[in-house]
Asker: 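Before I ask anything, here is the structure I am working with.
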Amino acid sequence: MKKLVKGNEAVVIGALVAGCDAYYGYPITPASEIAHAASEYFLPLGKVFVQAECETGAINMVFGSASSGLRVMTASSGPGISLKMEGVSYLAGAQLPCVIVDVQRVGPGLGNIGPEQGDYFQVVKGGGHGDYRCIVLAPSSVEETYHMTIEAFDLADKWRTPVFILTDATLGQMIEPIDIRQEKIHRAEKPWAVTATPESNENLVTSIYLDFDDMENYINFLHDKYRQITETEAKAEVYGADVPDIVLTGYGITGRMLRSAVDKLNEIGIDATLIRPQTLWPFPTDVYRKIVKPGVPVLSVELSRGQFIEDVRLALPNNKVKWYGRVGGHLPELNELVNQAELCLKEAAND
Amino acid sequence: MTKVYEKSPVFFDTFERKPSYKETTHYCPGCGHGVLHKIIADQLAELGLQDRTIIVGPVGCGVFIYYYFDCAAVSSAHGRASAVATGVSRANPDSVTISYQGDGDLAAIGTSNAIHAANRGENMIVFFVNNNIYGMTGGQLAPTTLIDQISTTSPYGRTVKNDGFPLRMAEMMAGLEAPTLVARVAVNNPKNIRQATRVIKQGLEVQRDKKGYVFIEVLAQCPTNWKKDPKDACEWIDNVVCKQYPLGIYKDQVAEREAQERPCERVDFAAVARQLGLEESPEKPENQIEMIAEELRFKFAGFGGQGVLSLGMLMAQMSMEHDMDVTWLPSYGPEMRGGVANSSVVVSKNKIGSPVVDHPDVLVALNGPSLEKFGPLVPAGGLIIYNSSLIDHVPDGLKGKVYPLAATDLATEAGTAKAANVVVLGFVAQKTNMFELADLEKFLAKSFKKPALLDVNIKALRAGWEAADKS
Ligand code: SF4
């Protein structure tokens, strides 16, 4: 059944539909509505909700419940995610499934509470210490936020890994209809979990391997898993012309705005195509390589001064990839995007 | 010959979780950890709690506690054991959750997590091993290091001036309301070990009975970093350490406490749907939308409190019920200052791209500043509806078609000025051909349950509709 909800609330509804058992969080704008909704819905259902003393507390409660085999989540915004990163490294190191939502705001430092996409490096490239990866999903609408949250719990279970959902202040605050219905959930067996039963006595959840050989083998094992994830889970939306003159690319709210720009460009006779990564790690490199032919210019738009574009350039080493974006809390206007695309085409023609 | 003592079955025979030297412990000779482990293992066995026990280990010398206990175990980051144990305990309401922490771990880097777990009265038992120094990292100053005590980061001895006073955790924990049992014991001589055993047994019984939070501070010897032989280390506890950290029961409410159950339920979709208030088959509006365009982009702007956000929501809700795609975006952050709030609504027959409304097809300006700010952004062919009850100056050079609407006056006539946004709803619906009056009235009937209030709002709606008809 359809319901109009805020992006932040859609996260919680998705979590409930996915059978999430526990929520641990700490208030921060613009992510707080996630904690509000979680407390409103989880407690009467007999599920676990705790407002932790701090972000590190919240992520480590997630660690404890994930160790126990629960479906568990937390959410925050940039400054809080920075604090959680210690825990994320341990979660990745101990291969614990969980879901973490980052409703990006403006940084660095206190920044402001407007939308930005400056947490890309922090979330997609690591953030915590050590050589690990987390799956990162990037919705661009409230409906997709809802569905990706459900998917995130399944992916976390399937691969025994933390999964991030990367949204932003706009996606978190905006309201759209979502269609809520029962979904097929793939809850994994977790024979490794600590469960206060005789069967779990032998279970040990840890990320410490004192012996160098053991540790090397373990890291190699993790990276073999990451390779499999890269091969199977990368996803992107492609929209627009089959044989584009120009490719526009961006993720999240930006990707969605570019969809309108593609429509506008196609209206004025420019064959444009959007590539919108739905997974940021693994990055959908193959999609870029399939769609973007040599010589076709690419306009990469993000609400940060050149983070996302690094992955686009790695995917397309032989194409000219131009950056455009706004920061500080601003969203680009549609006309701005169309003008930038035209400029990009013009520059490519002059090369 | 009768057997008077045997190794606790809670201990492994050989330490298979250890990478090498599986017959010996990793602790130094004379270390207090081993004595404490033995007491805990004995009491878990005696109380039959082994299969319910989950041990959360710290960072510090106790990090490898799982080498020795044949129990489920979790390693945590430095200082985070109490938070991890919270997650374990909440997930496993039937568990005996042990958080085993040292003084750097619990009293320095993890103080906040420790205090708050205690303050929530989590069902867990915390063993706080106080040997007043950092063991594993190499003998650095701990919050518990004694005045004048030498450490690798207080080579001239701890001074109050530079490092403050030794921290008394048991006393702090006992000051909180939630904990059930708080004590300080020592494991340096037979008498103290007997007392520690009694308290630890009682603490584990509290866990068995789910009676809340137990904090047991254990004064333990660290001969290695104290640079004393094991015998001198034990004596030093009696002669010096206990002066700073007196042994005793600091809080005991075991008898008064009831079992506290904290649920961790799995529920089916039906329960979730009920909790979300989802209706089985909501009533559909009778009439289809025949909008004046495939897609309309609205901006509703006014003072905070004029209902511009809820006006946007009413439009969005109605549009959704008519199976249109719709987005609603509130004004945000600094935009909210200066008394101007706005919401952007996009209604479309197709999938909506950008939810941002830079150049509205329809602007509703309920106050002067909104008209000044957004009026010029409306393109030719767009509609500008402004509240002529409050706005007497219309900026020059507007490209859109301008409609004055005395929204506040009409609403006041209907019964309350607060219904000005519903006057606007009626006007906009008529002008854009979006909804039938009958559907709108049905919709209001769902939104306003009180008959008197509904009556006022229906009047307001019709007033807006008629005004649009006439203009
Ligand atoms: S360093 Fe101290 S606390 Fe650590 S094992 Fe050795 S004696 Fe025990």
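Residue numbering restarts at 1 for every chain, and letters A, B, ... go by the order of the sequence lines.
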Asker: Can you tell which part of A:L204 gets under 4.5 Å to a heavy atom of chain B, answering side chain, backbone, both or neither?
Answerer: both

Asker: Identify which part of B:R17 has an atom lying under 4.5 Å from any heavy atom of chain A, answering side chain, backbone, both or neither.
Answerer: side chain

Asker: Less than 4.0 Å between a side-chain N and a carboxylate O, is that true for A:D21 and B:R266?
Answerer: yes

Asker: Is B:V356 in contact with chain A via its backbone, its side chain, both, or neither, using a 4.5 Å heavy-atom distance?
Answerer: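 Side chain only.
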
Asker: Of the backbone (N, CA, C, O) and the side chain (C-beta and beyond), which part of A:D263 lies under 4.5 Å from a heavy atom of chain B, both, or neither?
Answerer: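 Neither part.
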
Asker: Would you mind checking which part of B:V346 comes under 4.5 Å of any heavy atom in chain A, side chain (CB onward), backbone (N, CA, C, O), both or neither?
Answerer: neither

Asker: Examine whether an atom of A:S89 lies under 4.5 Å from a heavy atom of chain B, and if so say whether it belongs to the side chain, the backbone or both; otherwise answer neither.
Answerer: neither

Asker: I'd like to know whether NE2 of A:H330 has more than 12 heavy-atom contacts from other residues, nucleotides or ligands below 6.0 angstrom.
Answerer: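 Counting neighbours around NE2 of A:H330, 12 or fewer heavy atoms of other residues, nucleotides or ligands fall under 6.0 Å, so no.
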
Asker: At a heavy-atom separation under 4.5 Å, does A:I59 approach chain B through its side chain, its backbone, both, or neither?
Answerer: neither

Asker: Using heavy-atom distances under 4.5 Å, tell me whether A:L4 contacts chain B through its side chain, its backbone, both, or neither.
Answerer: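 For A:L4, heavy atoms of backbone and side chain both lie under 4.5 Å from chain B.
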
Asker: Most heavy-atom pairs under 4.5 angstrom with chain A, which of B:P19, B:A271, B:P355?
Answerer: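 Top option by heavy-atom pairs under 4.5 Å: B:P355.
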
Asker: So for A:S67, is it side chain, backbone, both, or neither that comes closer than 4.5 Å to the heavy atoms of chain B?
Answerer: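 Contact with chain B is through the side chain of A:S67 alone.
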
Asker: Flag the one option from B:R52, B:R274, B:E16, B:Q275 with the top tally of heavy-atom pairs under 4.5 Å to chain A.
Answerer: B:Q275

Asker: Between B:I352 and chain A, with a heavy-atom cut-off of 4.5 Å, which part of the residue counts as in contact: side chain, backbone, both or neither?
Answerer: both

Asker: Using non-hydrogen atoms and a 4.5 Å limit, figure out which bit of B:E321 sits close to chain A: side chain, backbone, both or neither.
Answerer: neither

Asker: Below 4.5 Å from any heavy atom of chain A, which atoms of B:F64 appear? Answer side chain, backbone, both or neither.
Answerer: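 For B:F64, the contact with chain A is made by the side chain alone.
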
Asker: Is A:Q182 close to chain B through its backbone or its side chain, or both, or neither, when contacts mean heavy atoms under 4.5 Å?
Answerer: both

Asker: Are there over 12 heavy-atom neighbours, none belonging to A:K264, within less than 6.0 Å of that residue's NZ?
Answerer: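 Count not over threshold, so no.
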
Asker: Heavy-atom cut-off 4.5 Å, strictly under: side chain, backbone, both or neither for B:L276 against chain A?
Answerer: both

Asker: Counting only non-hydrogen atoms closer than 4.5 Å, does B:A85 touch chain A with its backbone (N, CA, C, O), its side chain (CB onward), both, or neither?
Answerer: neither

Asker: Looking at B:R262 and B:E122, is there a salt bridge between them, counting it only when a charged N and a carboxylate O are closer than 4.0 Å?
Answerer: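 Salt bridge: yes.
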
Asker: With a cut-off of 6.0 Å (strictly less than), are more than 12 heavy atoms of other residues, nucleotides or ligands near OH of A:Y90?
Answerer: yes

Asker: Measure the OH-CD distance between A:Y146 and A:E183 for me, rounded to the nearest 0.5 Å.
Answerer: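 With rounding to 0.5 Å, OH (A:Y146) is 5.0 Å from CD (A:E183).
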
Asker: Please classify the contact of B:N92 with chain A as side chain, backbone, both or neither, using a heavy-atom distance under 4.5 Å.
Answerer: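 Just its side chain gets close to chain A.
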
Asker: Parallel, tilted or perpendicular for B:H26 and B:Y68, by the 30°/60° rule?
Answerer: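 Ring orientation of B:H26 relative to B:Y68: parallel.
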
Asker: Heavy-atom cut-off 4.5 Å, strictly under: side chain, backbone, both or neither for A:V62 against chain B?
Answerer: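 Neither part, no heavy atoms under 4.5 Å.
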
Asker: Salt bridge or not between A:E144 and A:R256? Use side-chain N to carboxylate O under 4.0 Å.
Answerer: no

Asker: A cation-pi test, strictly: NZ or CZ of A:R259 under 6.0 Å from the centre of the six-membered ring of A:Y239 and no more than 45 degrees from its axis. Yes or no?
Answerer: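 Checked: cation-pi criterion met.
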
Asker: Among B:M320, B:H116, B:K351, B:M313, who wins on heavy-atom pairs under 4.5 Å with chain A?
Answerer: B:M320

Asker: Please state whether the side chain, the backbone, both or neither of B:R120 comes within less than 4.5 Å of a heavy atom of chain A.
Answerer: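 Side chain of B:R120 only, per the 4.5 Å heavy-atom cut-off to chain A.
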
Asker: Contact part of B:C71 toward chain A, heavy-atom cut-off under 4.5 Å: side chain, backbone, both or neither?
Answerer: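 For B:C71, the backbone is the part near chain A, not the side chain.
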
Asker: Could you tell me which of B:A81, B:G87, B:A117, B:C264 has the largest number of non-hydrogen atom pairs under 4.5 Å with chain A?
Answerer: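 If we count pairs closer than 4.5 Å to chain A, B:G87 comes out on top.
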
Asker: With a 4.5 angstrom heavy-atom cut-off, is it the side chain or the backbone of A:R276 that approaches chain B, or both, or neither?
Answerer: neither

